[in-house]
Amino acid sequence: MDDERARSDHRFRDKGWRLWDFAQEIFVRCPRCGGRAAVFVHPDHREEGRSAVLRLIAPHRLSCLGCGHTASWAPRTGPGGSPTYLPRLSGPDDPFFGLPLWLQRPCCGGRILWAYNTAHVDVLEQYVAARLRERHSWTGSGSLLEHLPAWMKSAGNRDDVLRALRALRADA
Ligand SMILES: [Zn+2]
């Protein structure tokens with residue numbers, strides 16, 4: 001292990017990421033062929049996709065390169081045409097179509113470790129591997145990492161969680 005790697009394993013700085021930073025492309029299980037499909041802001045609505053909040057209510061598209069299956073998602077709207085429901089970013093199902101995330105694995109006895117995509121796995125892995133975790137100076141209602149469940153942050157689970165994260169990366 002080189003010095004650079006050793007340092008990054010030791011110390012991790014929370015940059016204040018939110019889950020929506022990783023929601024631009026969400027890998028899900030294709031409802032038709034069971035392969036890996038992707039959920040993203042519909043290409044016709046790229047402009048809305050630039051803001052994290054607008055992105056949540058922008059029309060989304062499901063696309064599977066394996067079998068060609070596609071589907072569309074649009075927010076439910078009230079009488080005035082404004083969205084009545086804000087998707088809640090969470091897992092282990094995707095927030096738009098409710099499909100199982102592609103990247104999920106059982107971990108630590110009955111828990112489920114999940115991620116939206118490889119960049120999300122990377123940040124979780126760096127965080128869990130770090131011996132010293134520095135908080136972001138201001139994270140408002142809390143960063144993605146501050147909201148992680150206690151079992152993922154526990155030193156006692158570090159090896160199990162890292163093993164599962166590495167397996168997730170291999171699945172991607
Ligand atoms: Zn498919």
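When reading the values below, keep in mind they use all heavy atoms of this one structure, side chains included, and skip hydrogens, waters and symmetry mates. Just so it is clear, the structure is predicted and the values come from calculations on it, not from any experiment. Every number for a ligand or one of its atoms is a count from 1 in the order of the listing.
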A.B. asks: What's the count of protein N, O or S atoms under 2.8 Å from the Zn ion (ligand 1)?
C.D. replies: 4
A.B. asks: Hey, are Arg163 and Asp160 close enough for a salt bridge, meaning a charged N less than 4.0 Å from a carboxylate O?
C.D. replies: yes
A.B. asks: Are Phe40 and Leu19 connected, step by step, through hydrophobic side chains (Ile, Leu, Val, Met, Phe, Trp, Tyr) whose heavy atoms are closer than 4.5 Å?
C.D. replies: no
A.B. asks: Does the side chain of Trp20 reach to within under 4.5 Å of the side chain of Leu144, using non-hydrogen atoms?
C.D. replies: no
A.B. asks: Would you please classify the geometry between the Phe96 ring and the His60 ring as parallel, tilted or perpendicular, with 30° and 60° separating the classes?
C.D. replies: parallel
A.B. asks: Please tell me whether Tyr127 and Phe12 form a close aromatic pair, meaning their ring centres lie under 6.0 Å apart.
C.D. replies: yes
A.B. asks: In residues 99-114, what donor-acceptor pairs under 3.5 Å come from side-chain atoms, sequence neighbours left out?
C.D. replies:
from: Trp102; atom 1: NE1; to: Asp171; atom 2: O; distance (Å): 3.0
from: Gln104; atom 1: NE2; to: Pro92; atom 2: O; distance (Å): 3.3
from: Gln104; atom 1: NE2; to: Leu101; atom 2: O; distance (Å): 3.0
from: Arg105; atom 1: NE; to: Asp171; atom 2: OD2; distance (Å): 3.0
from: Arg105; atom 1: NH2; to: Asp171; atom 2: OD1; distance (Å): 3.4
from: Arg105; atom 1: NH2; to: Asp171; atom 2: OD2; distance (Å): 3.4

